[in-house]
Structure formats: C-alpha cells, structure tokens
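Hydrogens, waters and symmetry mates are skipped; everything else that's a heavy atom, side chains included, is used. What you are looking at is a predicted structure, and each value in this text was computed from that prediction instead of being measured. Below, chain A is the first sequence line, B the second, and so on; all start at residue 1.
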Number of protein chains: 4
Amino acid sequence: MARVQVAVIGSGADHEASAEEVGRLLAERGATVVTGGLGSVMAAAARGAKSAGGTTIGIVPGETRHGANEWLDHVVVTGVGHARNLAVVASGDAVIAVGGQWGTLAEISLAHVLGRPVVILEPGWDLDGVVRASSPEEAVDLALSSLPESK
Amino acid sequence: MARVQVAVIGSGADHEASAEEVGRLLAERGATVVTGGLGSVMAAAARGAKSAGGTTIGIVPGETRHGANEWLDHVVVTGVGHARNLAVVASGDAVIAVGGQWGTLAEISLAHVLGRPVVILEPGWDLDGVVRASSPEEAVDLALSSLPESK
Amino acid sequence: MARVQVAVIGSGADHEASAEEVGRLLAERGATVVTGGLGSVMAAAARGAKSAGGTTIGIVPGETRHGANEWLDHVVVTGVGHARNLAVVASGDAVIAVGGQWGTLAEISLAHVLGRPVVILEPGWDLDGVVRASSPEEAVDLALSSLPESK
Amino acid sequence: MARVQVAVIGSGADHEASAEEVGRLLAERGATVVTGGLGSVMAAAARGAKSAGGTTIGIVPGETRHGANEWLDHVVVTGVGHARNLAVVASGDAVIAVGGQWGTLAEISLAHVLGRPVVILEPGWDLDGVVRASSPEEAVDLALSSLPESK
C-alpha cells in the first residue's frame, strides 16, 4: 500500500528555507513529498526531504524531465502544462502551501474542490476558511493530523 | 478570424440573474460567450447570450455532452474533469467571474497565470489586484476594454 | 441544442485536398467541423467548411491562439499539449481521419475508447475493425449515418 | 537524480503472466516500473516488480486513489481520465506494451509522438516500424538498450 503523500506547493525565494524545513519534517514523519518538480519552493521541499532520507516525487508540466530538480527520486512527466497542478494536489493526501502567487492559489483552490486538506504556512495567501500555520513544524503537524485514519 | 471570446465563470443561484445579464450584454457587443457548459451561472450566461442572438460555447468536463445546458451552440467535450477549467479561461480573451466558490477561484487564478484579463463582478471573491465591477454593464465594459487592439 | 459536430483529424500535404472536400461536404450537410485547429489537414478541413458557409471550431494545444488557422470561427485554447487530442475526438459525434501519422493514430484510438464512430478515408491507417471509405463523399455519408438518432 | 523509469502498458487476462515477468525483470535491472495504476496488466507488472524488491508508480485516471492496485509504492492521482495516458508514457524513458486494446494503442501512439522508445511484446498490436519482442526477457533487453546513455 502506498504511503502517505503530502504535496508541497508554492514559490518565492523568501520561502525556500521554510519549504526545505517542511520537506525535512515530512520525511522524518514518513510521508512522501510530492511537488511540481521544478525550482524554488518545489526544489527546496524535495531537498529537505532528501536530507532526512525521505522519498520525493516531482510532477512536471513539460513533455520531458527538462527542468526537474536534482532532489527527485521519481519524475512524473505529464505534458499538460498548468493542468499538471491538478495532479500535484490530487496526489497529496494533504497539501501544504508555502508562499506562492497565482499558480499556488489555483492549486489551493483545486485542493479544496477535491476535498484535500490544505494548510497555508504564514504569511502566504490570506483566505477565509483555510487552516494556517505559523511554523513549518505546525504546518506538518496540522497536515498529518488532517488525514483520515484509514488510507 | 475568430471573434472576441469572453469566458464567464462562477456559480451560485443568487448570481444567475447577473450572469444572464452579462451574457446578454456580451452578445450585444458581438463577443462569443464561453463557459464551462453546465448549470447555474454557466447556463444563465449562455441563456442571456442566446436571448440577444449571440453565440455560445460550453467546455464540459465529462466524456460526453451529458449535463450540457440547452443554450449552447457548440459543446467541447474535454474528458479531463476539473482540468477543463484551464481551457475555459484560456479560451477567453478576457474573463468575467460572477459569484463562485473554490472552482471559480481556481479559474480566476489560472487566468492570471495565463495573463488573461479578469473582472470580478461584485460581491464575488475579494482578491488584491483584480479589477472589480459593480454591475453587469461595468463588468462587460471593463472586460472588453481590457483586450489588446489586435487579436 | 448544439448541432451535430464531426471531428476531422489527420495530417499530410498529400491529404489536404481530400480534407478540404470532407470539410465542404460536412458543412453542406449541416455539421459543425471540429479540428485540432492548426495547419495541414486541420486547416484544409476548416477551409472547406467555410467555403460552404459552415461553422468551424479549432481546439488548439497551446496556451494562446498562436498557430490557429484562419478558417476557424471559434478557437478553444486548451493549454494541455497533446492531451488536447482527447478533446478533439470527444467533441466529435463522429470522427473522420484523413491521412495522419502517430498523433492521428492516437486520436483514432481514443475515439474508440470513448465509443465515437470513426471513419478512415483511404489510404490512411490500416486497422482491423475500423470503417473505411474510398472517397470524401463516402466518408461523410458513413460518418453521418453512424450517429445515433437522438443527439 | 531519478532512476530509469520504464512504463508498462496493456491489458488482457491472457497477458498478465507476461506482464508480471516484465515487471520482475525490470526491477532486477534497477528500473522503476510506471503503469496506469489499475488492474490487469498494470497490476501484474507492479506485482512482478515488487516480487523482486523494485519500485512502482501508478498514475491513475480518477480524482482519488480508488481502484489503485496494492503493489504500488506511489500513486499519482491525475483527475484527468484518459488524458492520464499521456503522463504514463511520457514518464517512461522507454515503454513496453503487453497485450492491450484501443487504450493501449493510444498510448503506443502517444509514446511515438513524444519520441519514447516502444517495445511490443508479442502478439500485441501489429504496427509497422515498432520494435517487437518474443519474450519478456527480450522486451526488457530491448527497452533498456534503447535508452540514451545520459539520463
């Protein structure tokens, strides 16, 4: 049976240290880290997960592995551009958003459409009715505690 | 050459009258109305456009025309579920959002990612940096005036 | 209610004259012509349809109208690359294949998966169990006669 | 850096023993096995890979893990229905087809569009210009020898 998977989404150089910590903590808790597979927050989360011996999956938008970061164990090549955002959040049993702009907001929204629990690591997008966390530790705690008992 | 196309997105019974008016005004101004092809705001916008002799396109999520409303001249069947939202906003030279929940927010966000002008008809989602309109007339004016000169 | 839509797929300079004739005949019979919206057979089918006063829809792979041919009334911009092939055939009540290489074979196959009637205009791909036509007239006859009574 | 990934596609109860052997041999050779994640040949290939201690990824069409087989280490949930076939073959550095019907032919075709090497394990689809193998051993040899030196 596949392990718990948590999608880490977002962007922004200012948020990479937080994303790396989120990735590391998820790996320590045994969760596979799923991202969009490219740079910035996506790379940082994967790097953090690998630093703790975790497993990482990147779901990239292009038709080849081009642009995939070096901390991915597995690269899923979708060929569907921004539509791959749906696969990123759908593949998370929970989703943690770190920073980010419009693409991240689209992913947060799609996660809600699909019923995936979402945690926004502050500051990040300010949305009513979304769980917020003030630290990477809290974000990971909230994400993992949001999962249904039985996967 | 294809005419100007404006995507109308959103949901909510309280917003259908506004959406119908938006559709009617777009048709009167010569714009083709593009929607997600199903009910609620999508159906109202298409109904409004047809009441003024306009042209309507619905881009539906399923693998058949099932669920498409009756005011569509053309039904594009995508088979890709929520990923069809990308096609809805990408097919609009501009986008008008009327009401809506998470799916609409995903579409507004994707429109920004793709660089499509977006107008939110109030109340609707409250987002920084998005153009807002207080009436269907203003929404249509703002959407059509946002278009580049040359298509 | 949306009119009958027939998808015309394929590629190859040698097949453009046939595709143009297929487009023209479909328009004369009142069917909307759906294609992938770009050049070669896609452009020829749309050109033929417009020469007979028909209606044309192009479903393009990119994130803008870039590359869309000039004989399209409506351009659906999908942003999903080759995955737009699914939308092309799904949007046809029937599918006519004119020439073509691997991309066309993928579309013929997806049409079968979705249960859309397919007619291959000879020579084209040689596949067991697929209806073949020896002329554009026969291809259009077979495609339109394959439709269920009630759309 | 992500390891070599080989997509195993197909369907048909008669082909499951072959698919299981293909999965086992790929795992022994160090390749990650990528499939569409559901039953039949997809499940058999994953089962074979796990029997040899390999790693398996399933790329499923729905919006949840529902239907995913039990031999998957990682489940990528795409939510895009048959459009997930593009991701399956795009994620393979090479593709091995075992049995299969129209959906498999679509995948073989898309793999050619994307330039992925394809090996058809006999009998399977009979297509000009596609490499064929008469045994699981030969299929795996041919697939792995088709890879570019540098990944």
Side-chain angles (χ1 to χ4, degrees), chain B residues 1-7 31-37 46 50 54-95 107 110-116 147-148 150-151, chain C residues 1-7 31-37 46 50 54-95 107 110-116 147-148 150-151:
Chain B
M1 187 71 80
R3 287 185 298 173
V4 166
Q5 298 176 172
V6 176
T32 297
V33 172
V34 177
T35 71
K50 292 312 296 176
T55 302
T56 56
I57 300 175
I59 303 177
V60 299
E63 297 180 352
T64 69
R65 293 188 186 191
H66 183 76
N69 68 64
E70 61 187 287
W71 296 281
L72 298 174
D73 294 305
H74 311 292
V75 181
V76 170
V77 178
T78 64
V80 294
H82 293 294
R84 77 84 149 75
N85 292 7
L86 181 66
V88 172
V89 296
S91 298
D93 300 306
V95 176
E107 291 176 307
L110 289 168
H112 279 89
V113 169
L114 295 175
R116 299 296 189 280
L147 303 179
S150 60
K151 291 308 305 174
Chain C
M1 186 71 81
R3 284 184 300 171
V4 165
Q5 299 176 172
V6 176
T32 298
V33 172
V34 177
T35 72
K50 293 312 296 177
T55 301
T56 56
I57 300 174
I59 303 176
V60 299
E63 297 180 353
T64 70
R65 294 188 186 193
H66 182 75
N69 68 65
E70 61 188 287
W71 296 280
L72 298 174
D73 294 306
H74 310 293
V75 181
V76 171
V77 177
T78 64
V80 294
H82 294 294
R84 76 86 149 73
N85 292 8
L86 181 66
V88 172
V89 296
S91 298
D93 299 305
V95 177
E107 291 175 308
L110 289 167
H112 279 89
V113 168
L114 296 174
R116 300 297 188 280
L147 304 178
S150 61
K151 290 308 303 175

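When each of B:A87, B:G79, B:G115, B:G92 is checked for heavy-atom pairs under 4.5 Å with chain C, B:A87 comes out on top. With chain B as the partner, the residue from C:V88, C:L110, C:T78 showing the most heavy-atom pairs under 4.5 Å is C:T78.
Closest approach of C:L86 and C:L114 over heavy atoms only: CD1-CD1, 3.8 Å. Summarising the geometry of B:Q5 relative to C:H74, their closest heavy-atom pair is OE1-CA, 3.4 Å, with the distance given to 0.1 Å.
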Donor-acceptor list for residues 55-64 of chain C side chains, cut-off 3.5 Å, not counting sequence neighbours:
residue, atom, partner, partner atom, Å
C:T55, OG1, C:R3, NH2, 2.9
C:T56, OG1, C:W71, O, 2.6
C:T56, OG1, C:D73, N, 2.9
C:T56, OG1, C:D73, OD2, 3.3
C:T64, OG1, C:H66, N, 3.1

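Interface residue C:R116: only side-chain heavy atoms are found under 4.5 Å from chain B.
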Worked verdict on B:V80 versus C:V80 for side chain to side chain contact (heavy atoms under 4.5 Å, CB included): CA-CA 10 Å; B:V80 294; C:V80 294; over 6 Å; no
